[in-house]
Every structure is written in structure tokens, then in C-alpha cells.
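Input: a single structure, listed below in C-alpha cells.
As a basis for the values below, the full set of heavy atoms in this structure was taken, side chains included, without hydrogen atoms, waters or symmetry mates.
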Amino acid sequence: MSIDATGQPHGADLRPLSARSVVLSLLLGTHPPELPVRDLVRAVSAFGVGGSTLRAALSRMAAAGDLVRTDAVYRLSDRLLDRQRRQDEALRPGTRAWDGDWEMVVITATGREPAERAELRARLTGLRLAELREGVWLRPANLTRPLPADLARVAQLCAARPDGSPSLLAARLWPLDAWSATARDLLAGAAEARLPADRLTLFAAAVRHLLADPVLPPVLLPADWPGARLRAAYTRYRGEIALSIGA
């Protein structure tokens, strides 16, 4: 595994575990995303989070609108249910046979505030589009999800078939070699990790990394693309966690 000076896999987004991040990781991977306090206490203890620390975190998360409490059960708020949906889609992206067409979104709205522009960029990235140049976004039309109709208020939506090599265009739009290298490092790190906290940290990073997988047609991907292996590894890990908490 490729390790940097901090002891972390190169390119991996490994964030320190807090009580909040442990709770969110557990609930985001649970269906339905709710757990009784007693189950949360038992589950988080494996990651070094004590009962008093957990209860303080739960109170703060409920006050912040992350969680909703009903009697002794905590569940994700509606806002975070959308995050769970995106995470689930990252693990099971719907695809179809690719016929060579590309989705194109050309931004036509003007005079928008910086926050509005940033929000639109984040939304388009979440739809797995990539920016060819300012205001022009593309991706192969191999996903089963449609582009949201309300994008037409700010953009022109087109089907396109660019000239030239589609593989070279894909490599220009996405850092495919870097994504692949980080995915392999995460897989190697997860295979070596033994402590529960280390495994949770690695697999939380794996989920974030999968959200950035462009999910391209196989013909446009480098050889031995590790996306399916990373999804399978996380799916197995989520099953382990579900067994441990009885979900």
C-alpha cells in the first residue's frame, strides 16, 4: 500500500473519528436509519466512544437538526436522508449500455451570486458530470438516472457526440489514474486494518471516494478499474456492522 509521511494511504480522505462521525457512519449504513440508544451505546463502544460522550453528541446532533429523537430511538433527519440516498446510489449506481452519446449541460444563467454558482457546481458534480470548460459540463450517457428537469431554468440540456477519442476526453475530464490509485490504497488499508476504529475510518473514506467515482462505461476506464471491488468491500463491511448492532 502507498503510504505518505503521516502513515495514511496516499490521496485518501481519512478524517479523525469523532462521536458524531461514528454515529453518522452507523446510521447512514443502517436501513431504516434509526437505532435505539441502547444499541448505539453498544455499537459505538467498539470505536472508543463512551456512553456519556455519546449522549452529549446525540443531544448536540438533535439540536443541530442532524437527528430526530422519538422516545429512546434516534433517526436521521430528512436532510441527512438525502445524504444516505446519495451514498446508497454510490454503492449501486444504475447504468445502461452506452451507445456513444454524452450528456451535456451548458450553463446559460447569468448574474448569479457566488453561493448560487457554488451550489450549482456541487449539484452537477453530484450528478457525476465534469466541467470541460467554464459553464460546459459533460459525461457519457450511460446512467439510468435522468437529469433533473429544473436544471433547464439555468442551463441548456443537450445530447452530444463529441469528435475525437472518447477515452481521451474522459481522461481529460476526470483524474482516473489518481482515483484508481487511491481506491487501491483504500482496499489495501482495509485489508490490513484490524482495529474497529481504523476500519471505520478507512471505510468512511471509501464511501466518500465512491461518491467521486465517475461511473464511466467500461470501455472508457483504465485497465483493472477498482470501483466494483471497492463497492463490494464496503458492502461486506456494512454487513459486518449490521450484524454487530443487530440491525
Side-chain angles (χ1 to χ4, degrees), residues 1-2 4 9-13 85-110 112 117-190 205-235:
M1 177 174 58
S2 178
D4 65 19
H10 277 300
D13 181 16
R85 178 191 58 76
R86 294 195 307 273
Q87 178 175 303
D88 289 345
E89 289 177 353
L91 295 174
R92 294 181 297 276
T95 61
R96 61 190 178 197
W98 185 51
D99 63 3
D101 281 351
W102 290 63
E103 297 173 351
M104 178 182 286
V105 177
V106 181
I107 306 304
T108 55
T110 58
R112 291 170 297 129
R117 293 197 300 270
E119 181 181 2
L120 180 58
R121 290 181 64 86
R123 188 180 183 196
L124 294 172
T125 300
L127 289 166
R128 303 187 190 278
L129 291 147
E131 194 170 30
L132 178 65
R133 52 157 295 172
E134 185 175 0
V136 179
W137 295 73
L138 292 169
R139 72 152 294 110
N142 71 313
L143 298 181
T144 56
R145 63 100 183 96
L147 287 172
D150 67 332
L151 280 178
R153 296 202 302 266
V154 295
Q156 179 69 51
L157 312 182
C158 313
R161 190 167 290 212
D163 292 336
S165 165
S167 297
L168 290 178
L169 178 56
R172 178 181 174 186
L173 291 169
W174 289 278
L176 299 179
D177 289 340
W179 193 97
S180 180
T182 298
R184 290 192 179 93
D185 284 348
L186 287 167
L187 284 164
V207 170
R208 292 190 293 272
H209 197 54
L210 287 168
L211 288 169
D213 181 355
V215 192
L216 299 178
V219 69
L220 302 185
L221 292 172
D224 195 27
W225 182 255
R229 284 186 284 136
L230 190 60
R231 287 185 177 83
Y234 178 72
T235 298

- prompt: Any side-chain heavy atom of Leu187 sitting closer than 4.5 Å to one from Leu230?
  reply: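 In contact.
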- request: Count the heavy atoms of every other residue, nucleotide or ligand shown that sit under 6.0 Å from CZ of Arg133, and state whether that count exceeds 12.
  value: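 For Arg133, atom CZ is not crowded (no more than 12 foreign heavy atoms under 6.0 Å).
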Is the backbone N or O of [Y] less than 3.5 Å from a side-chain atom of [X], with the two atoms forming a donor-acceptor pair by type?
{"X": "Arg128", "Y": "Asp213", "answer": "yes"}
{"X": "Arg112", "Y": "Ala118", "answer": "no"}
{"X": "Arg184", "Y": "Pro226", "answer": "no"}
{"X": "Asp99", "Y": "Ala141", "answer": "no"}

- request: Decide yes or no on side chain to side chain contact (heavy atoms under 4.5 Å, CB included) for Leu127 and Trp137, but give the supporting numbers first.
  value: CA-CA 10 Å; Leu127 289 166; Trp137 295 73; over 6 Å; no
field: side chain to side chain contact (heavy atoms under 4.5 Å, CB included) assessment of Asn142 paired with Leu216
entry: CA-CA 7 Å; Asn142 71 313; Leu216 299 178; 5.5 Å; no
- request: Evaluate side chain to side chain contact (heavy atoms under 4.5 Å, CB included) for Arg92 paired with Arg231, printing each intermediate quantity in order.
  value: CA-CA 8 Å; Arg92 294 181 297 276; Arg231 287 185 177 83; over 6 Å; no
Only distances under 3.5 Å count here; give the side-chain donor-acceptor pairs of residues 166-179 to other protein atoms, sequence neighbours excluded, each with its distance to 0.1 Å.
unit_1, atom_1, unit_2, atom_2, d
Trp179, NE1, His209, O, 3.0
Trp179, NE1, His209, NE2, 3.4

- prompt: What's the verdict on salt bridge (charged side-chain N to carboxylate O under 4.0 Å, His left out) for Arg145 and Glu103, showing C-alpha distance, side-chain angles and the deciding distance?
  reply: CA-CA 11 Å; Arg145 63 100 183 96; Glu103 297 173 351; 2.8 Å; yes
Quiz: residues 146-160 side-chain donor-acceptor pairs under 3.5 angstrom, not counting sequence neighbours:
unit_1, atom_1, unit_2, atom_2, d
Asp150, OD1, Arg123, NH2, 2.7
Asp150, OD2, Arg123, NH1, 3.3
Asp150, OD2, Arg123, NH2, 3.2

